[in-house]
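For this chain, numbers begin at 1 and follow the sequence in order. Only a predicted model underlies this, so the values are computations on that prediction, with no experimental measurement involved.
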Amino acid sequence: MNTSNLIAAYYDAFNRGDREAMLSMLTDDVAHDLNQGARETGRDAFRAFLQRMDRCYGEQLRDIVVMVSADGLRAGAEYVVHGEYKVTDEGLPEAEGQRYVLPGGAFFDVRDGKIARVTNYYNLDDWIAQVGEKR
């Protein structure tokens with residue numbers, strides 16, 4: 001599968017809620033850069049991240065655009081997150097089922113046909129304003 005198809009399949013699995021399919025597209029040592037946070041390494045850490053996300057948020061990504069470098073080793077994606085804040089996430093405002101629409105993006109490294117790095121970006125202040133807490 002080429003890089004563009006790999007990233008599209010990754011997001012398709014995300015939108016279907018198929019976490020095992022997502023994880024199967026990652027290298028064992030995947031680097032995951034959390035928005036405005038630390039890097040986590042490994043498929044098990046990514047699985048734990050997905051479990052926390054699924055507990056706290058219900059999200060669908062729309063208007064996904066994937067861009068790939070000529071050599072296929074790096075990619076970027078832009079999308080719009082349509083979500084619901086279901087359960088309070090540690091250190092963030094209280095969840096009350098608030099809905100949000102938030103632009104986001106991600107960068108990827110690809111190695112041996114799998115995703116070796118995922119770096120996600122979105123505007124946390126915009127999200128906090130949408131779910132109702134003033135900073």
Side-chain angles (χ1 to χ4, degrees):
M1 163 177 342
N2 71 31
T3 297
S4 182
N5 291 340
L6 174 66
I7 303 306
Y10 172 83
Y11 284 128
D12 182 58
F14 176 89
N15 281 337
R16 288 192 328 269
D18 189 344
R19 301 310 181 229
E20 289 306 312
M22 288 178 70
L23 291 164
S24 75
M25 296 178 216
L26 307 176
T27 61
D28 289 339
D29 64 344
V30 64
H32 182 211
D33 299 312
L34 302 168
N35 186 70
Q36 296 178 227
R39 174 173 275 192
E40 296 180 346
T41 304
R43 197 178 287 147
D44 289 340
F46 204 95
R47 177 180 274 109
F49 166 78
L50 290 174
Q51 289 169 344
R52 178 176 59 85
M53 291 296 293
D54 286 343
R55 180 174 42 83
C56 297
Y57 309 91
E59 295 183 333
Q60 287 285 296
L61 304 183
R62 299 183 189 156
D63 302 319
I64 301 167
V65 177
V66 177
M67 298 148 275
V68 178
S69 64
D71 62 8
L73 298 179
R74 292 188 299 165
E78 184 177 23
Y79 47 78
V80 178
V81 180
H82 292 255
E84 179 184 4
Y85 189 31
K86 304 184 303 185
V87 174
T88 302
D89 200 352
E90 184 178 339
L92 294 172
E94 291 295 313
E96 299 173 352
Q98 304 95 315
R99 297 205 175 268
Y100 52 92
V101 177
L102 188 68
F107 296 99
F108 301 89
D109 287 343
V110 175
R111 184 177 70 239
D112 300 325
K114 292 198 173 211
I115 298 168
R117 175 183 61 98
V118 180
T119 301
N120 291 298
Y121 290 103
Y122 58 88
N123 185 322
L124 182 59
D125 286 337
D126 183 6
W127 180 84
I128 288 173
Q130 289 187 53
V131 299
E133 178 165 301
K134 308 276 189 281
R135 266 195 151 179

Taking atom types as modelled, find out whether [X] and [Y] have a side-chain donor-acceptor pair closer than 3.5 angstrom.
X      : Y      : value
Asp89  : Tyr57  : yes
Glu59  : Tyr85  : no
Asp29  : Thr27  : yes
Arg117 : Thr119 : yes

Would a distance-only check, ignoring hydrogens and angles, find a side-chain to backbone donor-acceptor pair under 3.5 Å from [X] to [Y]?
X      : Y      : answer
Asp109 : Ala116 : no
Thr88  : Ala95  : yes
Gln130 : Ile128 : no
Asn15  : Leu61  : yes

Side chains of [X] and [Y], heavy atoms from C-beta outward: is any pair under 4.5 Å?
X      : Y      : answer
Leu102 : Asp126 : yes
Thr41  : Arg39  : yes
Val68  : Arg74  : no

Indicate yes or no: does [X] engage [Y] in a salt bridge with an N to O separation below 4.0 Å.
X      : Y      : result
Asp54  : Lys86  : no
Lys114 : Asp112 : no
Arg43  : Asp28  : yes

**Study point:** Charged tip of Arg19 within 45° of Phe14 ring normal and under 6.0 Å
**Key:** yes
Exercise for review: Could you give me the CA-CA distance, side-chain angles and deciding distance for Ile64 and Val66, then say whether side chain to side chain contact (heavy atoms under 4.5 Å, CB included) is met?
Suggested key: CA-CA 7 Å; Ile64 301 167; Val66 177; 4.1 Å; yes
